[in-house]
Amino acid sequence: SGFIISADGYVVTNNHVVAPGNRNATIESITVIMPDRKEYDAKLVGRDPASDIAVLKITAKEDLPFVKFGDSEAARVGDWIIAIGNPFGLGGTVTTGIVSAIHRRTGQGAYDSFLQTDASINRGNSGGPMSDLNGNVIGINNAIISPTGGNVGIGFAIPADVAVPIVNTLKKGEAVERGYLGVQISPLSEDLADSLGLAKNSGEFIQSVVPGEAAAKAGIQAGDVITKVNGRDVTPDQTLSFLVANLSVGTKVPFG
């Protein structure tokens, strides 16, 4: 699935939707099929495997209908949402649900912070929009947890606030660059937090520092505890890796 974000035909989807199925495969062409079954040849503008986001471009004779990104940071648990996609090849399927959790971690690296929903998301929904009741896209449908292979009410979407900077970079034909600190980290245990006078689930422990990288240049040392990045708290839901990866390369920000 995917969705159009501009009248001139930029389309957002998941990277895994347009990526080759295996290392020996190649993608020769991509076709975008609209709800009215009109087909367009699509150009792959850019893709970012780490965040699982891709941007396509189609060209039409007329302006195309499009949707706008909303503010995923304003999403609250319990808010109603709408998921749209192409589950099992059934194009234009709409399901509803609520935001079940925010900043949900699933073990997928630096961009491991998802909106969780109980709206039915199945195979084929990937890349489709998750919208609020005003029609603004607050997430990109991405994955499900399913012991049985079917929907069990645990689906995940890439938050709009994470997706938008990546989409804008890919639209320019540029590669996505990520903040890198140069440290090895571990969660702060309850005993260590207590001994340091820190609140439980606050901060991460620096195990080692890579010589010559940003952390070393800033004076961060092994044994330090990072509790804030650019004013944002480091927590189990908002990890140091996530906060740093979403910083622009070359920017200077305060650490606490």
Side-chain angles (χ1 to χ4, degrees), residues 12 14-16 46-55 69-75 101-116 138-140 142-143 156-190 192-193 196-256:
V12 173
N14 282 155
N15 173 67
H16 75 259
R47 60 190 186 92
D48 180 48
S51 61
D52 199 19
I53 294 174
V55 174
F69 281 107
D71 181 7
S72 60
E73 283 294 317
I102 58 175
H103 302 302
R104 178 66 81 199
R105 298 183 63 195
T106 61
Q108 296 189 36
Y111 287 97
D112 193 18
S113 182
F114 294 89
L115 295 175
Q116 182 182 326
I138 62 169
I140 304 171
N142 181 253
F156 303 98
I158 303 165
D161 287 359
V162 172
V164 168
I166 297 170
V167 168
N168 290 338
T169 298
L170 294 177
K171 281 179 64 179
K172 298 174 186 176
E174 300 174 356
V176 177
E177 295 183 325
R178 295 174 173 82
Y180 174 70
L181 197 56
V183 295
Q184 288 185 322
I185 55 178
S186 65
L188 195 63
S189 68
E190 188 173 349
L192 182 56
L196 295 173
L198 297 173
K200 182 180 178 181
N201 295 324
S202 174
E204 291 190 42
F205 183 77
I206 303 299
Q207 292 182 317
S208 64
V209 178
V210 180
E213 296 295 346
K217 293 176 181 178
I220 295 174
Q221 300 177 352
D224 286 345
V225 175
I226 305 297
T227 59
K228 286 183 180 291
V229 177
N230 203 23
R232 301 179 69 179
D233 291 332
V234 177
T235 70
D237 294 328
Q238 192 169 249
T239 65
L240 179 61
S241 297
F242 173 78
L243 292 173
V244 171
N246 284 279
L247 294 173
S248 298
V249 173
T251 57
K252 294 183 179 181
V253 297
F255 281 68

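In this chain, numbering begins with 1 at the start of the sequence shown.
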side-chain hydrogen bond (donor to acceptor under 3.5 Å, both in side chains) between Thr106 and Asp112, worked out:
CA-CA 6 Å; Thr106 61; Asp112 193 18; 3.2 Å; yes
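- Between Val234 and Ser202, the closest side-chain pair of non-hydrogen atoms is not below 4.5 Å.
- Residues Ile220 and Ile226 are in side-chain contact: their nearest non-hydrogen atoms beyond the backbone lie under 4.5 Å apart.
- By the 6.0 Å contact criterion, CD on Glu190 is open, its count of non-hydrogen atoms from other residues, nucleotides or ligands being 12 or less.
- Within the 4.5 Å cutoff, no side-chain heavy atoms of Asn15 are placed close to those of Ile53.
- Taking both residues in full, the closest heavy atoms of Val55 and Lys171 are given as CG1-CG, 4.0 Å, listed atom of the first, atom of the second, then distance.
- Here the side chains of Gln221 and Ile206 are not in contact, with every heavy-atom distance at 4.5 Å or above.
- Annotation: side chain of Leu243 is not in contact with side chain of Phe255 (no heavy-atom distance under 4.5 Å).
- Using a 4.5 Å heavy-atom threshold, the side chains of Ile185 and Phe205 count as separate.
- The line from CG of Leu240 to CD of Glu204 is 5.0 Å long, rounded to the nearest 0.5 Å.
- The distance from the CG atom of Asp52 to the CG atom of Asn142 is 5.0 Å, given to the nearest 0.5 Å.
- Residues Ala54 and Arg47 approach most closely at CB-CB, 3.8 Å, considering heavy atoms.
- For Ser72 against Ala160, the heavy-atom pair with the smallest separation is OG-N, 3.4 Å.
- Rounding to the nearest 0.5 Å gives a distance of 10.5 Å between CZ of Arg105 and CZ of Phe242.
- Partner of Ser51 under the side chain to side chain contact (heavy atoms under 4.5 Å, CB included) criterion, out of Val162, Ile140, Asn14, Ile166: Ile166 alone.
- For Asp233, the side-chain hydrogen bond (donor to acceptor under 3.5 Å, both in side chains) criterion is met by Lys228, not counting sequence neighbours.
- In this structure, the side chains of Thr235 and Asn201 stay at 4.5 Å or more apart for every pair of heavy atoms.
- The salt bridge (charged side-chain N to carboxylate O under 4.0 Å, His left out) contacts involving residues 177-186 comprise Asp48-Arg178, where partners must be two or more places apart or lie in separate chains.
- The two atoms that bring Gly219 and Asp224 nearest to each other are O-OD2, 4.2 Å, heavy atoms only.
- Remark: Phe69 pairs with Phe3 by the ring-ring contact (aromatic ring centres under 6.0 Å, His included) rule, at least two apart or across chains.
- Counting all heavy atoms, side chain and backbone alike, Ala75 lies closest to Ile138 at CB-CD1, 4.3 Å.
- The backbone N or O of Arg104 lies less than 3.5 Å from no partner atom in the side chain of Gln116, so there is not a single donor-acceptor pair.
- In this structure, the side chains of Leu247 and Val229 come closer than 4.5 Å at one or more pairs of heavy atoms.
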Kindly indicate, with the supporting measurements, whether the criterion side-chain hydrogen bond (donor to acceptor under 3.5 Å, both in side chains) is fulfilled by Gln184 and Ser208.
CA-CA 5 Å; Gln184 288 185 322; Ser208 64; 2.8 Å; yes
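- Of all non-hydrogen atoms in Leu188 and Gly203, the two that sit nearest each other are CB-O, 3.6 Å.
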Would Leu115 and Phe156 satisfy side chain to side chain contact (heavy atoms under 4.5 Å, CB included), going step by step from the backbone distance to the final call?
CA-CA 6 Å; Leu115 295 175; Phe156 303 98; over 6 Å; no
